[in-house]
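Notes for the one structure printed next.
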Amino acid sequence: MRRVFNGAQAVLCATAAGFVYVTTGGVRGDAVLDAPGHATVSGFAAIVAWLTVNAALMCLVLWLDGSGPTPLAFLRKVAGASALPMTGYGLLGILLAVVWIGGLGPISVLLVLVPLVVARWALSLYEAERNAQAATMRAFIQVIETKDLYTRGHSERVSEGVGMLGRHLQLNEDRQLALEHAGLLHDVGKVGVPTRIIQKPGRLDDSEMDAIRLHPARGVELIGNIPFLEEVKSAVLHHHEKYDGSGYPAGLSGTNIPYFARIIGIVDAFDCLTSTRSYRPARSVEETLQILLQDRYTHFDPQLVDSFVEVIRRDGWKAAAADQPAPDETVQAAIDHDDLSLGSGGGASGSAAGPEA
């Protein structure tokens with residue numbers, strides 16, 4: 001069925017493009033050399049027709065299938081993003097035809113296609129670099145998550161959550177990618193925190209809390225020499241700042257907190273509360289959203305909280321609790337350093353803090 005659809009799609013797109021070319025007065029054969037400008041205009045119109053029919057057919061099949069991305073998502077993420085490059089390729093095709101008709105014949109293929117081959121080679125190198133970047137980050141995260149069964153997958157979920165919010169905020173592609181990297185690596189400094197502190201059953205003393213509060217700075221030290229992560233440093237360093245200035249490490253407040261750090265702080269708290277810990281069950285998604293709304297202005301940026309709540313209520317969220325073990329009833333009181341940075345619904349004064357000493 002896919003082969004039939006793809007073949008029919010190619011025929012219909014080419015037919016539409018040819019029809020538009022002819023009806024707009026496009027010339028053929030050697031006549032192109034006498035009116036190259038007119039041929040280019042008609043050719044451009046034909047390219048637009050090809051792209052339009054192609055997008056319409058893809059939207060139709062996505063709508064009929066219903067199990068993949070929505071037609072609107074396809075138009076936004078694929079058709080819109082590829083329209084300009086595809087138009088450029090079409091114009092190169094017109095150039096190839098004109099040069100061929102002009103008498104260069106097969107030599108025209110070399111003149112036009114060799115630069116394209118070089119460009120494709122350069123893009124393949126870029127893709128290989130992107131894959132190496134992703135492998136580097138996965139290695140960081142694997143080291144972190146070997147320390148605690150209950151927080152496995154946390155970094156990936158935070159990255160997914162900030163990605164959802166970033167798309168809602170319509171960040172450009174580079175900023176979106178940097179934000180998702182920052183979400184993935186926000187807790188990388190945990191590798192420098194002793195496991196005995198992270199897994200300690202009971203209230204942390206002052207020296208242990210000092211060790212916990214160092215993890216953002218340690219994270220920056222770890223990623224500081226990796227060039228492609230330059231933009232995420234401030235987000236990693238300041239993701240535990242609070243909107244009222246009571247956070248750490250610098251006590252920044254309001255919009256003085258880096259934008260990405262404010263986003264990560266919200267999603268970090270959300271995922272923590274909707275995840276099971278050894279000493280407490282997970283909260284529901286709706287209950288957690290109410291906590292975030294309650295702690296606007298004190299812990300979180302109010303506008304970003306409102307946007308995040310809108311995104312989660314619209315798109316949904318698969319909480320981690322479904323894939324985590326139940327709380328350990330033998331643990332009388334345990335502490336999770338993420339809980340210590342949450343708001344009134346889960347902070348150090350709540351059940352997460354454990355019993356009084």
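Owing to the predicted nature of the structure, the values given are computational and were not obtained by experimental measurement. Sequential numbering from 1 along the given sequence is applied to the chain's residues.
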Tyr248 OH to Arg213 CZ distance, which is reported to the nearest 0.5 Å: 7.0 Å

Which distance, rounded to the nearest 0.5 Å, do you find between the CG of Asp244 and the OG of Ser253? 8.0 Å

Can Phe270 and Val285 be said to form a side-chain contact (heavy atoms from CB on, under 4.5 Å), step by step? CA-CA 8 Å; Phe270 174 78; Val285 169; 3.9 Å; yes

Any carboxylate oxygen within less than 4.0 angstrom of a Lys/Arg side-chain nitrogen, looking at Lys318 and Glu160? no

Flag, side chain of Ser246 to backbone of Lys242, donor-acceptor distance under 3.5 Å: no

Quick one: are Tyr259 and Leu171 in side-chain contact, heavy atoms under 4.5 Å? yes

Check Cys59 against Phe74 and note the closest heavy-atom contact, atom names and distance. SG-CD2, 3.9 Å

Considering non-hydrogen atoms only, spot the tightest contact between Gly25 and Ser42 and give its length. C-OG, 3.9 Å

Judged by atom type as modelled, is there a donor-acceptor pair below 3.5 Å linking the side chain of His239 to the main-chain atoms of Val236? yes

Treat each ILVMFWY residue as a node, draw an edge where side-chain heavy atoms are under 4.5 Å apart, and state whether Val158 and Trp317 are in one component. yes

I would like to know whether His299 and Tyr243 meet ring-ring contact (aromatic ring centres under 6.0 Å, His included); could you show each step before the answer? CA-CA 5 Å; His299 290 73; Tyr243 203 71; over 10 Å; no

Can you tell me if Asn256 uses its side chain to pair, donor with acceptor, with the backbone of Leu252 under 3.5 Å? no

To the closest 0.5 Å, what do you measure between CG (Leu51) and OH (Tyr89)? 12.5 Å

Under the side-chain contact (heavy atoms from CB on, under 4.5 Å) rule, what do Leu293 and Asp306 come out as? Steps first, then yes or no, please. CA-CA 7 Å; Leu293 291 170; Asp306 290 343; 3.7 Å; yes

Does any part of the side chain of Phe308, heavy atoms only, come nearer than 4.5 Å to the side chain of His168, both counted from C-beta? no

Ignoring hydrogens and angles, tell me if any N or O in the side chain of Asp295 forms a donor-acceptor pair with the backbone of Thr298 under 3.5 Å. no

Could you tell me the separation between the NE2 atom of His186 and the CZ atom of Phe260, rounded to the nearest 0.5 Å? 15.0 Å

Decide whether Leu169 and Ile312 are clustered together by the hydrophobic rule: side chain heavy atoms of Ile, Leu, Val, Met, Phe, Trp, Tyr closer than 4.5 Å, transitively. yes

Please give me the minimum heavy-atom distance between Ile264 and Gly183, naming the atom from each residue. CD1-N, 3.8 Å

Are any side-chain N or O atoms of Arg314 and backbone N or O atoms of Val311, one a donor and one an acceptor, separated by less than 3.5 Å? no

Has Ser159 got a side-chain atom pairing as donor or acceptor with Ser155's backbone, closer than 3.5 angstrom? no

Is Val78 reachable from Val61 through a run of hydrophobic residues whose side-chain heavy atoms are each under 4.5 Å from the next? yes

Atom pair CG (Leu214) and CE (Met209), whose distance is rounded to the nearest 0.5 Å: 10.5 Å

Would you check if Ile47 and Met86 make a side-chain contact, meaning some heavy-atom pair closer than 4.5 Å? no

Apply side-chain contact (heavy atoms from CB on, under 4.5 Å) to the pair Thr274 and Ser284, showing each step before the final yes or no. CA-CA 6 Å; Thr274 55; Ser284 70; over 6 Å; no

Would you check, one step at a time, whether the test side-chain contact (heavy atoms from CB on, under 4.5 Å) holds for Val188 with Ile223? CA-CA 9 Å; Val188 69; Ile223 67 176; 4.3 Å; yes

Spell out, as yes or no, whether a donor-acceptor pair under 3.5 Å connects the side chain of Glu241 to the backbone of Ile257. no

Hey, could you give me the CD1/CG distance between Ile266 and Leu292, rounded to the nearest 0.5 Å? 7.0 Å

Heavy atoms only: give me the nearest Ala14-Trp50 pair and the separation to one decimal. N-CD1, 3.8 Å

Is atom CG of Asp206 surrounded by more than 12 heavy atoms (other residues, nucleotides or ligands) closer than 6.0 Å? no

Return yes when atom CD of Gln290 has more than 12 non-hydrogen atoms of other residues, nucleotides or ligands closer than 6.0 Å, and no otherwise. yes

Contact between Ile263 and Leu179 at the side-chain level, heavy atoms closer than 4.5 Å - yes or no? yes

Is it true that a side-chain atom of Asp301 and a backbone atom of Leu304 form a donor plus acceptor pair closer than 3.5 Å? yes

Would you call His240 and Pro216 a side-chain contact if the rule is heavy atoms closer than 4.5 Å? yes

Could you tell me which non-hydrogen atom of Lys190 sits nearest to which non-hydrogen atom of His215, and how far apart they are? N-CB, 4.1 Å

Can you give me the closest heavy-atom contact between Gln176 and Gly163, atom names plus distance? NE2-O, 2.9 Å

A side-chain contact here means heavy atoms from C-beta on lying under 4.5 Å apart; do Leu237 and Pro249 qualify? yes

Contact between Arg313 and Glu286 at the side-chain level, heavy atoms closer than 4.5 Å - yes or no? yes

Heavy-atom side-chain contact between Arg283 and Ile291 under 4.5 Å: yes

Hphob cluster co-occupancy, Met58 + Trp63, side-chain heavy atoms under 4.5 angstrom: no

